[in-house]
Amino acid sequence: MNRQERIMGTKQRILESVLPLFLVTNYEAITIALIENATGKTRGTIYKYFNNKEDIFCQAVLQYYNSPLNVLYSVEPHDRNIQSYWEVKMEQIQKAYGYLKNFGIFHDTLSITHYIEMQALRIIPWFRQVIISQKLLNERYWTQAVKNTPNLLDPKKTRCKKMPYQRLGEIYNGLYLKLCSMYPDGSFNLPDITLNS
């Protein structure tokens with residue numbers, strides 16, 4: 001392992017260790033002593049890799065927000081139909097919840113994500129664009145999964161009549177978000193959202 005790889009490895013371990021602290025603690029309440037305690041590193045070591053607390057926060061939050069541990073992270077459906085895409089998104093909830101549970105965080109996954117968004121918007125002005133980007137991608141990906149589902153909008157095969165793909169995608173996305181806020185108590189089956197004729 002070369003020097004650059006060692007530096008990146010240490011930096012990554014610091015970010016991974018401090019992230020749970022940022023997920024449940026108000027930014028202003030976090031001190032360098034808390035960061036030292038969470039990471040097991042001295043402040044000298046921490047400042048060797050990061051400029052200040054804000055730098056650590058920004059990097060940790062962006063890493064979390066742009067990973068599947070964030071239930072709002074957009075996972076591309078590729079050729080998956082709505083059933084198999086729903087299963088992928090259920091796995092995402094389970095992994096996100098398991099990650100939080102490892103650190104003794106038992107809040108629902110969606111509230112943790114919203115909490116970190118609120119914290120980030122106060123510290124990182126451009127974070128709003130990151131949130132909007134993930135939201136738009138999620139809507140697009142759910143719509144794509146609906147489009148990948150043969151006969152979903154065929155009135156001879158289902159009761160859905162003349163409902164646009166995008167609207168169905170928005171509905172499934174909304175149901176997924178609702179389940180995120182209920183996990184682990186919600187149902188994991190793909191909901192039937194077909195409409196009566």
Side-chain angles (χ1 to χ4, degrees), residues 1 4-76 87-138 141 173 176-186 188:
M1 182 184 297
Q4 188 62 28
E5 288 172 336
R6 280 195 309 276
I7 289 170
M8 292 308 293
T10 302
K11 188 173 181 178
Q12 183 61 32
R13 283 190 296 279
I14 290 171
L15 290 173
E16 288 170 0
S17 300
V18 81
L19 178 59
L21 183 63
F22 286 124
L23 292 177
V24 294
T25 309
N26 189 298
Y27 175 82
E28 285 76 15
I30 295 174
T31 63
I32 192 64
L34 286 173
I35 293 173
E36 285 177 305
N37 189 47
T39 62
K41 304 287 183 193
T42 65
R43 80 181 55 210
T45 301
I46 293 166
Y47 285 137
K48 180 177 175 182
Y49 298 99
F50 301 95
N51 298 328
N52 50 36
K53 179 175 83 168
E54 184 177 319
D55 185 28
I56 299 169
F57 175 81
C58 290
Q59 290 190 46
V61 166
L62 282 172
Q63 186 170 291
Y64 166 77
Y65 206 80
N66 291 315
S67 80
L69 294 177
N70 164 20
V71 291
L72 298 183
Y73 176 73
S74 51
V75 177
E76 192 168 354
E87 290 165 6
V88 165
K89 295 299 279 184
M90 293 310 99
E91 287 176 19
Q92 185 180 1
I93 295 175
Q94 292 168 351
K95 287 179 182 174
Y97 184 79
Y99 169 79
L100 295 172
K101 189 176 172 184
N102 282 338
F103 297 101
I105 304 170
F106 294 98
H107 301 285
D108 72 76
T109 54
L110 190 58
S111 68
I112 291 293
T113 298
H114 286 321
Y115 176 76
I116 204 66
E117 284 177 340
M118 290 186 323
Q119 293 287 314
L121 286 170
R122 290 181 17 249
I123 311 304
I124 315 168
W126 47 265
F127 195 76
R128 183 172 310 281
Q129 289 309 117
V130 176
I131 295 170
I132 291 168
S133 175
Q134 285 291 353
K135 181 181 184 301
L136 292 175
L137 272 176
N138 270 308
Y141 288 164
N173 185 44
Y176 167 75
L177 294 176
K178 182 176 181 182
L179 183 57
C180 288
S181 68
M182 296 166 43
Y183 188 84
D185 301 320
F188 291 100

Original post:
Is any side-chain heavy atom of Y115 closer than 4.5 Å to a side-chain heavy atom of L110?
Top reply: no
**OP:** Work out which heavy atom in S17 is nearest to a heavy atom in A38; give both atom names and the distance.
**Re:** CB-O, 3.5 Å
Subject >> Heavy-atom pair with the smallest gap, counting every atom of A96 and V71 >> reply: CB-CG1, 3.7 Å
Original post:
Distance only, no hydrogens: is a donor on one side chain within 3.5 Å (strictly under) of an acceptor on the other, for N138 and S74?
Top reply: no
Subject >> Reported CG-to-NE2 distance for the pair L177 and H114, which is rounded to 0.5 angstrom >> reply: 7.0 Å
Original post:
Between T39 and I35, is there a donor-acceptor pair closer than 3.5 Å when you use the side chain of the first and the backbone of the second?
Top reply: yes
**OP:** Can you see which heavy atom on T109 is nearest to which on C180, and at what distance?
**Re:** OG1-O, 3.4 Å
Original post:
Heavy atoms, side chains only, cut-off 4.5 Å: are F106 and L100 in contact?
Top reply: no
**OP:** Quick one: do Y97 and L69 satisfy side chain to side chain contact (heavy atoms under 4.5 Å, CB included)? Show the steps, please.
**Re:** CA-CA 8 Å; Y97 184 79; L69 294 177; over 6 Å; no
Original post:
Ignoring hydrogens and geometry, is there a side-chain-to-backbone donor-acceptor pair from E16 to A60 under 3.5 Å?
Top reply: no
Original post:
Roughly how far apart are I93 CD1 and Y176 OH, rounded to 0.5 Å?
Top reply: 4.5 Å
Original post:
Would you say Q134's side chain and Y73's backbone share a donor-acceptor pair under 3.5 angstrom?
Top reply: no
Original post:
Can you tell me how far CE of M118 sits from CZ of F127, rounded to the nearest 0.5 angstrom?
Top reply: 12.5 Å
Subject >> Between Q92 and K95: side-chain donor-acceptor atoms closer than 3.5 Å >> reply: no
Original post:
Is a side-chain N or O of N66 found less than 3.5 angstrom from the main chain of L62, in a donor-acceptor match?
Top reply: yes
Original post:
Do any N or O atoms from the side chain of T25 and from the backbone of F22 form a donor-acceptor pair under 3.5 angstrom?
Top reply: no
Original post:
For the atom pair CZ (F57) and CG (L19), what is the distance rounded to the nearest 0.5 Å?
Top reply: 9.5 Å
**OP:** For the residue pair L179 and K89, establish whether any side-chain heavy-atom pair is separated by less than 4.5 Å.
**Re:** no
Original post:
Rounded to the nearest 0.5 Å, what separation is found between the CD1 atom of I132 and the CG atom of L137?
Top reply: 12.5 Å
Subject >> Face-on cation placement of K11 at F50 ring, 6.0 Å and 45° thresholds >> reply: yes
Original post:
When you measure from the side chain of K53 to the backbone N and O of I30, does any donor-acceptor pair fall under 3.5 Å?
Top reply: yes
Subject >> Side-chain ion pair, E117 and R122, N-O less than 4.0 Å >> reply: no
Original post:
Do Y65 side-chain atoms and L72 backbone N/O form a donor-acceptor pair below 3.5 Å?
Top reply: no
**OP:** Apply the test side chain to side chain contact (heavy atoms under 4.5 Å, CB included) to residues L121 and I131: give CA-CA distance (whole Å), side-chain angles for both, the deciding distance (0.1 Å), then the verdict.
**Re:** CA-CA 10 Å; L121 286 170; I131 295 170; 4.0 Å; yes
Subject >> Closest non-hydrogen atom pair between D108 and Y183, with its separation >> reply: CB-O, 4.1 Å
Subject >> Spatial distance of atom CD (Q59) from atom CD (Q63) [nearest 0.5 Å] >> reply: 8.5 Å
**OP:** Work out which heavy atom in V75 is nearest to a heavy atom in V88; give both atom names and the distance.
**Re:** CG1-CG1, 3.9 Å
Original post:
Is any side-chain heavy atom of V61 less than 4.5 Å from a side-chain heavy atom of Q119?
Top reply: no
Original post:
Of all heavy-atom pairs between K41 and I14, which one has the smallest distance, and what is that distance?
Top reply: CG-CG1, 4.0 Å
Original post:
Hey, mind stepping through Y99 and L23 against side chain to side chain contact (heavy atoms under 4.5 Å, CB included) and telling me if it holds?
Top reply: CA-CA 12 Å; Y99 169 79; L23 292 177; 4.1 Å; yes
